[in-house]
Every structure is written in structure tokens, then in C-alpha cells.
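Reading through the C-alpha cells given below for one structure.
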Protein chains: 2
Amino acid sequence: MEQRQELRNAGLKITLPRLKILEILEGNQQRHKSAEDIYKELLNANEDIGLATVYRVLTQFESAGLVTRHNFEGGHSVFEIDDGKHHDHMVCVDSGEVVEFVSDEIERLQAEVAAQHGYELLDHSLVLYVKKIAGANSD
Amino acid sequence: MEQRQELRNAGLKITLPRLKILEILEGNQQRHKSAEDIYKELLNANEDIGLATVYRVLTQFESAGLVTRHNFEGGHSVFEIDDGKHHDHMVCVDSGEVVEFVSDEIERLQAEVAAQHGYELLDHSLVLYVKKIAGANSD
DNA sequence: ATGCCTGCAAAGCTTTTGCAGATGC
DNA sequence: GCATCTGCAAAAGCTTTGCAGGCAT
């Protein structure tokens, strides 16, 4: 029940919808969820929370730095708990599976490239679209 | 007037809307345009072409490999002529300016990272969000 | 009690689709 | 002449907003 404190720190009142949504986001199943995904999980849990509220809460969480919003291909956004550890994503085009990874070298090169063009790197978005190699172990 | 041939190669009938849209995409002003941008340019040029047609044509062009669609942050797509030369993008958060760049090293590292996880790299999307360094020359 | 929060429904935005008429070949 | 293409308008999909009531503090 540490979530109450997270909400408090974010300057948000502790309400049932926010607790439930935070709980779902912290669940260890799928880390990357769309608003719709969350809405469905709430329905399954018999929580009477509107889709509009899900969106509002997610936006508030984003402003508060609790979650990160990603715009993968396909029009809709997905959200993920922001634990402070930066990483990029790899999406399997067959299964839709999302794998997180970090490459310090890529990070460094990005800053370097930006600098070469006279820019300071503020942020970046890197998504690899991949496909499982037959017969390979996935890690 | 080489555009007719490009359309033909793509298996598309030569029509006024397609010619005009291709022409705009090949214009040397802004390389990255949204459907709306193109629609506005058509209106300015007094061409009587509907927005729906712009979308349809862009989708056809994309299938034909004539253009590439990017989903930068912000909900709407931008299109760019596909000249076969792969590159990534750097977007200035202040001016909205878009700079293209290629880093062979980053490309190589991406494939490497994917392989380490048992995946084959099919495609990727890399966007750097940057800010001009005061007093630096921009190249 | 007060002010922030929620649910519902309606609107907003980008993109897609249906249909009848127009156009290219 | 026939199939493909276009314009218009309406619909679709995701997300946001307005409003009246509800809940946390």
C-alpha cells in the first residue's frame, strides 16, 4: 500500500480510481498498457470507472512523472510506470511482444550526433521493430 | 516531368491529384509534411482536391514505396519522399525544425542489440528531441 | 463544508470509408 | 466503354472536455 504515498508525493488526492489504476500499472503482467487495456482490466475487476477518467488519470500521472507515455505506431498511446530507469523498446512485429533494453553506447552516440549538428540532446525515442530468430533463445 | 514514370512504376494511373501531390512532396521546401500541410498547399495552388484524396493517395504512395510515413509525437503523421537513403531524425523542440542524420555506428549497434535478445532487426524509428546550443553553428 | 475528482455524454481531431459521378486509358 | 479514381460527407477510432453530482480532507 505504498501507492498512497506516491500519489501524495505527486500532489494528487488519494482516490479509488487513482489507486486502482496505479495498481494496475504496477502489476507485473504487461508493463505497457493502453488506456483501453487499463479500462478493460478495471471492468474485469468490477470497478466502475469510466474510460474518460482513465485518460484523465493517466495524463495526471504523466505530468507527475509517475508514468511515461509512448506513441508506438498505430495511433494509440501506451503507458508504462516510470521507475526512473531509462530504456528503449524493441517490438516484435509478429507477437507484439515488447522488450526493453538499454545501450549506453547508443545513448552516447546520440548525444554525440546531436552535438555534431550544434544541438543539445534533450530526449529521444527509439523503437526497434524486430522478429524472433527461429531457434534462438529470447535472451 | 519524370513523375509520370514514377507513378507508372508504382502501378498507379496518372491522375492530376497524384501528380500534384507527388510534385508537392518533391518540392524542396519542407521535406516532412502532414496530410493537412499538403492539402493546404493544394488549396493555395487552387487545386480542387479533397483531403480524403490526399490521405488515399499518400497511403497508396506509401504502399508503393514512394513515401515514408513517420509518427512523430503529437498524433498526426508526416510523410516524406522515399529516396531510398535511410536516415533518422532530429527535431528541435524550440523551432520544430527537422534535421536528418545517419549514424552507421548507431545502426550497427541496433542490429547488435536486437541479435543479443534473439531478434532480427527489421526496421527502427529513432527521433532525437533536441535544442539548439546557443552560439553553435548548426552543422 | 469546500474544492478537487468522477462519470457520463458529447465534442474534437486525425484518418478512413461509402457512394455517385468523373476521368484516364 | 470500363475500371479506376475522386469529391463530398458521413463514420470511425482515440482522446479530451463540459457539466452536475460525489468524495476526500
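Order of the sequence lines sets the chain letters (A, B, ...), proteins ahead of strands, with each chain counted from 1. Just the heavy atoms: all of them, side chains too, but no hydrogens, waters or symmetry mates, feed the values below.
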In this structure, how many angstroms lie between the P atom of D:dC5 and the CZ atom of B:Arg8, rounded?
13 Å

Listed partners of B:Glu100 passing side-chain contact (heavy atoms from CB on, under 4.5 Å), at least two apart
B:Arg31, B:His32, B:Glu80, B:His87, B:His89

Check against side-chain hydrogen bond (donor to acceptor under 3.5 Å, both in side chains), B:Arg18 and B:Gln3:
CA-CA 9 Å; B:Arg18 305 221 257 235; B:Gln3 289 129 339; over 6 Å; no

Pairs where residues 52-64 of chain A contributes a residue and the test salt bridge (Lys or Arg N to Asp or Glu O under 4.0 Å) is met, not counting sequence neighbours
A:Glu62-A:Arg69

May I ask you to list the residues of residues 32-40 of chain A, by number, that have any heavy atom positioned under 4.0 Å from an atom of DNA chain D?
none

DNA chain C-proximal residues of residues 45-56 of chain A, any heavy atom under 4.0 Å:
A:Asp48, A:Ile49, A:Gly50, A:Ala52, A:Thr53, A:Arg56

Heavy atoms, side chains only, cut-off 4.5 Å: are A:Phe61 and A:Leu25 in contact?
yes

Evaluation steps, side-chain contact (heavy atoms from CB on, under 4.5 Å), between B:Leu7 and B:Leu22:
CA-CA 9 Å; B:Leu7 288 178; B:Leu22 190 49; 4.2 Å; yes

Residues A:Lys33, A:Glu41: salt bridge by 4.0 Å N-O rule
yes

More than 12 heavy atoms of other groups within 6.0 Å of B:Arg8 CZ
no

Check DNA chain C against residues 12-19 of chain A and give the residues with a non-hydrogen atom under 4.0 Å, in numerical order.
A:Lys13, A:Thr15, A:Pro17, A:Arg18

Assess the residue pair A:Leu42 and A:Val54 against the criterion (side-chain contact (heavy atoms from CB on, under 4.5 Å)); give the C-alpha distance rounded to whole Å, side-chain angles, the decisive distance to 0.1 Å, and a yes or no.
CA-CA 9 Å; A:Leu42 288 168; A:Val54 174; 3.8 Å; yes

State, yes or no, whether a side-chain contact exists between B:Val127 and B:Asp88 at a heavy-atom distance under 4.5 Å.
no

Nucleotide range of DNA chain C contacted by chain A, 5' to 3', under 4.0 Å to a heavy atom?
C:dC4 to C:dA9

A:Leu7 has an atom CG; how far is it from atom P of D:dC23, in whole Å?
18 Å

Can you check whether B:Met90 reaches A:Val113 side chain to side chain, under 4.5 Å on heavy atoms?
yes

Evaluate salt bridge (Lys or Arg N to Asp or Glu O under 4.0 Å) for A:Glu47 paired with A:Lys20, printing each intermediate quantity in order.
CA-CA 8 Å; A:Glu47 298 295 341; A:Lys20 284 297 169 194; 3.8 Å; yes

Compute the ring centroids of B:His76 and B:His70, then answer whether they are less than 6.0 Å apart.
no

Heavy-atom check, side chain of B:Leu58 versus side chain of B:Ile38, under 4.5 Å:
yes

